[in-house]
Participant: 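First the structure, then my questions, so here it is.
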Amino acid sequence: MNLDSVLLLEAVHFAAEKHKSQRRKDAEATPYINHPIGVARILAYEGGITDIAILQAALLHDTVEDTETSIDELDGKFGATVARIVQEVTDDKMLPKQERKQQQILKAPLCSHQAKLVKLADKLYNLRDLNRSTPVGWSEQRVQEYFIWAAQVIKGLRGTSATLEEKLNQLFKERGIEM
């Protein structure tokens, strides 16, 4: 087994342990770990990304925000680059929800190229997931509002990956959202 495989498997294992009791908000209560694995898969298979640090960060991107994981812990286990990428895409849970959403819009253009790739894949996964299955308790209006907000975030990520951006643009077009 080569080193890249070992590094990716270690990130998958770490994320699976951290997210083991979490579920997505869809009607099937899908295991949460499907999300970070899906984000990494989008980057690799659809975005053509082979950079192991970016793929590890995709696998770990919600650990600090949604579990008892610190940036220092990621730094010690996966290195400074992975920890930095995760930190860039992590929302400050101390802020109210609307402020966190506004911060994503404002911070998107300031992110590193690596973090922008993770953000693009994360949004693509989430938007596809919303089209597949509306979260429990969400109205169609709330789904549409999420799409509109996501489009604002994506505007700040333009020029990062033509392939991923085109896939996102298609989803927005289907929803009648102009990019």
Side-chain angles (χ1 to χ4, degrees), residues 3-45 47 49 51-108 110-130 132-138 142-143 146 149-150 153-154 157 164:
L3 180 59
D4 287 351
S5 298
V6 171
L7 292 171
L8 281 177
L9 287 173
E10 189 57 33
V12 169
H13 177 74
F14 184 90
E17 285 296 314
K18 292 293 186 168
H19 293 296
K20 69 184 172 191
S21 62
Q22 296 175 324
R23 299 282 182 185
R24 296 284 282 177
K25 295 176 183 172
D26 58 5
E28 298 87 21
T30 308
Y32 193 86
I33 190 61
N34 292 9
H35 170 65
I37 291 171
V39 171
R41 187 175 188 281
I42 286 169
L43 286 169
Y45 286 98
I49 303 303
D51 183 304
I52 296 304
I54 295 171
L55 297 174
Q56 284 181 299
L59 290 163
L60 302 166
H61 80 273
D62 278 336
T63 57
V64 173
E65 189 172 316
D66 294 340
T67 75
E68 296 295 320
T69 304
S70 70
I71 292 296
D72 287 342
E73 184 179 3
L74 293 180
D75 189 345
K77 191 151 185 70
F78 300 101
T81 300
V82 171
R84 176 190 47 78
I85 297 167
V86 171
Q87 186 167 30
E88 285 185 78
V89 301
T90 297
D91 288 347
D92 180 352
K93 287 286 196 146
M94 302 297 278
L95 297 173
K97 183 178 179 181
Q98 282 309 116
E99 180 62 24
R100 287 195 312 264
K101 291 179 85 148
Q102 185 61 30
Q103 286 298 311
Q104 278 200 43
I105 294 167
L106 296 173
K107 289 182 177 180
L110 308 174
C111 287
S112 68
H113 183 75
Q114 297 158 314
K116 286 179 178 182
L117 286 166
V118 173
K119 276 200 141 334
L120 283 172
D122 182 41
K123 292 293 181 263
L124 183 55
Y125 183 97
N126 284 337
L127 295 174
R128 285 174 172 168
D129 212 34
L130 283 173
R132 180 189 64 77
S133 176
T134 302
V136 174
W138 281 41
R142 184 168 176 193
V143 171
Y146 185 93
W149 165 75
V153 176
I154 299 305
L157 304 172
L164 297 180

Participant: Would T30 and R23 satisfy side-chain contact (heavy atoms from CB on, under 4.5 Å), going step by step from the backbone distance to the final call?
Facilitator: CA-CA 6 Å; T30 308; R23 299 282 182 185; over 6 Å; no
Participant: Can you measure from CG (L59) to CG (L9) and round to the nearest 0.5 angstrom?
Facilitator: 9.5 Å
Participant: Please list, chain by chain and in numerical order, all residues satisfying side chain to side chain contact (heavy atoms under 4.5 Å, CB included) with D129, sequence neighbours excluded.
Facilitator: R24, Y125, R132
Participant: Could you list the residues that satisfy salt bridge (charged side-chain N to carboxylate O under 4.0 Å, His left out) with E17, not counting sequence neighbours?
Facilitator: K20
Participant: About how many Å separate CG of L43 and CD1 of I54, when rounded to the nearest 0.5 Å?
Facilitator: 7.5 Å
Participant: If the condition is side chain to side chain contact (heavy atoms under 4.5 Å, CB included), which residues does Q22 pass it with, not counting sequence neighbours?
Facilitator: H19, Y32, D66, T67
Participant: Can you tell if the side chain of P36 reaches within under 4.5 Å of the side chain of L60, non-hydrogen atoms only?
Facilitator: no
Participant: How long is the span from the NZ atom in K119 to the OG atom in S112, to the nearest 0.5 Å?
Facilitator: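 Between K119 NZ and S112 OG, I get 11.0 Å after rounding to 0.5 Å.
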Participant: Under the ring pair (Phe, Tyr, Trp, His ring centres under 6.0 Å) rule, what pairs show up with a residue in residues 61-83, not counting sequence neighbours?
Facilitator: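 Of all non-adjacent pairs touching residues 61-83, those that pass ring pair (Phe, Tyr, Trp, His ring centres under 6.0 Å) are F14-F78, H35-H61.
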Participant: Of all residues at least two apart in sequence or in a different chain, which pass the side chain to side chain contact (heavy atoms under 4.5 Å, CB included) check with R142?
Facilitator: K97, W138, S139
Participant: Do L7 and Q56 have side-chain heavy atoms sitting under 4.5 Å apart?
Facilitator: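 They are in side-chain contact.
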Participant: Roughly how far, to the nearest 0.5 Å, is the CD1 atom of I154 from the CG atom of L164?
Facilitator: 9.5 Å
Participant: Minimum heavy-atom separation for D26 to S133, with atom names?
Facilitator: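 Distance-wise, the nearest heavy atoms are CB-OG, 3.5 Å.
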Participant: Can you list the steps and then say if W149 with Q98 is a side-chain contact (heavy atoms from CB on, under 4.5 Å)?
Facilitator: CA-CA 11 Å; W149 165 75; Q98 282 309 116; over 6 Å; no
Participant: Heavy atoms only: give me the nearest L130-P135 pair and the separation to one decimal.
Facilitator: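 Closest approach of L130 to P135: CD2-CD, 3.4 Å.
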Participant: Please collect all salt bridge (charged side-chain N to carboxylate O under 4.0 Å, His left out) contacts where either partner lies in residues 68-91, sequence neighbours excluded, each pair once.
Facilitator: E10-K77, K18-E73, R84-E88
Participant: How close do A108 and K116 get, heavy atom to heavy atom, and via which atoms?
Facilitator: O-CE, 3.4 Å
Participant: Rounded to the nearest 0.5 Å, what separates atom CG in L157 from atom CD1 in I105?
Facilitator: 11.0 Å
Participant: Among L74, T81, T69, which residue meets the side chain to side chain contact (heavy atoms under 4.5 Å, CB included) test with V86?
Facilitator: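 Running side chain to side chain contact (heavy atoms under 4.5 Å, CB included) over L74, T81, T69 with V86 returns exactly one hit, L74.
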Participant: Take L117 and I49, measure what side-chain contact (heavy atoms from CB on, under 4.5 Å) needs, and give me the verdict at the end.
Facilitator: CA-CA 9 Å; L117 286 166; I49 303 303; 3.8 Å; yes
Participant: Could you tell me the separation between the OG1 atom of T90 and the CG atom of D62, rounded to the nearest 0.5 Å?
Facilitator: 7.5 Å
Participant: Taking the side chain as everything from C-beta on, heavy atoms only, tell me whether I85 gets closer than 4.5 Å to V118.
Facilitator: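 Side chain of I85 against side chain of V118, heavy atoms only: contact under 4.5 Å found.
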Participant: For a side-chain contact (heavy atoms from CB on, under 4.5 Å) check, start with the C-alpha distance between Q103 and L106, then their side-chain angles and the critical distance, and finish with the verdict.
Facilitator: CA-CA 5 Å; Q103 286 298 311; L106 296 173; 4.0 Å; yes
